[in-house]
Amino acid sequence: MTRPAGEAAPSVGVVIPTRGDRPGHLGVAVRAALAQEHPGRISVVVVADGTPHETVADRLAGVPAQAGRDVRVLPNCLTPGLPGARNTGIAASDTDLVAFCDDDDQWLPGKIAAQVAALAETGAEFASCGIEVEHGRRLVPRLAGATTVTEADLLRSRMVMVHSSTFLFRRGTLWVDESAPGGQNEDWDLALRAARRHPLANVDRPLVRVRWGSSHYAARWGERIAGLEWMLARHAGLSADPRGAARVYGQLAFHHAALGHRREAGRWALRAFAARRSEPRAPIALAVAAGLIPAARVLALLHDRGHGI
């Protein structure tokens, strides 16, 4: 988005969905967004999903007003859940750009400035950045190793660093798909659709702190299975890329194993091996299905290293 010399910096709308159950983290997320060093207007829209928005507004009443910065708290008026809350925030924004931040994550200094510059330099519609994963007392940086992310990249690997809390894009170009089961993979789907339009600009340094320990989604095995099957149905390229297919099949095997579905776990593990013999998730899933290690223990070990299943 190249802007003529002397034109005002783009305004940024920051959409932060919340259930209202993490007020401390939410306050940190809002203040970090407002503190970004960006000459344009920053408007934060906190969307209360499943909780009274008045309660959330009361908890944020102490956030100081600033010139060129404002905070609004609105109820989710669309489909209950994360996708509807995000779309409520997009619809309520009147800014040039829209950014997402989860209520338990935190933007680091320079995030918006670096991404706005990347959009201007590349002409891209959508930007991401590196993250640092916080789990317990550990901080692990996760970088893409590239300044551009393509659809093929996102089909081959979920690319955890292309995280929803890093998203910045032109308002009006994209909406979240509210049919995502339990809100699972709506961010991956959005990034894939964005990359299909134009490669993503990526600022490859950690500019967002992502707190995995407080995720609402980590162990919702049934919803994670439904979300992956939804992605396979929507994005044929996931099955066409052997590495990407093996990863998804291995994840499905693991989630079924976590639920005690040994036959389904074995079936998906075999599909993962067939797509890519070295896929590491398949033997892990079989170990969980055999009762050799609990699924929760596997996730804890991976999260300590800044990785997921």
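All values below come from the heavy atoms of this structure, side chains included, with hydrogens, waters and symmetry mates left out. Since we're looking at a predicted model, the values are computed, not measured. In what follows, residues are counted from 1 in the order of the sequence shown.
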| So H261 and H256, would you call those rings parallel, tilted or perpendicular, with 30° and 60° as cut-offs? | tilted
| task | Give a yes or no on this: more than 12 heavy atoms of other residues, nucleotides or ligands lie within 6.0 Å of atom CZ of R243. | result | no
| message | Distance alone, cut at 3.5 Å: any donor-acceptor contact between the side chains of D204 and T147? | response | no
| message | Check for me whether the distance between the ring centres of H255 and W221 falls short of 6.0 Å. | response | yes
| task | Supply the atom-to-atom distance L154 CG to W188 CH2, rounded to the nearest 0.5 angstrom. | result | 8.5 Å
| query | Using a distance-only test with no angle check, is there a side-chain donor-acceptor pair under 3.5 angstrom linking H135 and D304? | reply | yes
| said: Could you tell me if the side chain of E132 sits less than 4.5 Å from the side chain of R142, heavy atoms only? | reply: no
| query | Hey, would you say the W268 and F254 ring centroids sit under 6.0 Å apart? | reply | no
| Is it true that R170 and E125 make a salt bridge, defined as a side-chain N closer than 4.0 Å to a carboxylate O? | no
| task | Report yes if some heavy atom in the side chain of F126 is under 4.5 Å from a heavy atom in the side chain of P199; otherwise report no. | result | no
| field | Flag for H38-R69: side-chain donor and acceptor within less than 3.5 Å | value | no
| The single option from D49, D102, D177 passing salt bridge (charged side-chain N to carboxylate O under 4.0 Å, His left out) against R86 | D102
| query | Is a side-chain donor-acceptor pair under 3.5 Å present for T150 with D153? | reply | yes
| query | Is the closest side-chain donor-acceptor distance between H235 and D189 under 3.5 Å? | reply | yes
| Minimum side-chain heavy-atom gap V28-R211 below 4.5 Å | yes
| If you count the non-hydrogen atoms of other residues, nucleotides and ligands that lie under 6.0 Å from CZ in R276, is the total more than 12? | yes
| task | Answer with yes or no after comparing the ring centroid distance for F100 and F169 against a 6.0 Å cut-off, counting only values under it. | result | yes
| query | Is Q66 close to I42 at the side-chain level, that is, under 4.5 Å between some pair of heavy atoms? | reply | no
| Would a 4.5 Å heavy-atom cut-off, applied to side chains only, mark D105 and R209 as touching? | no
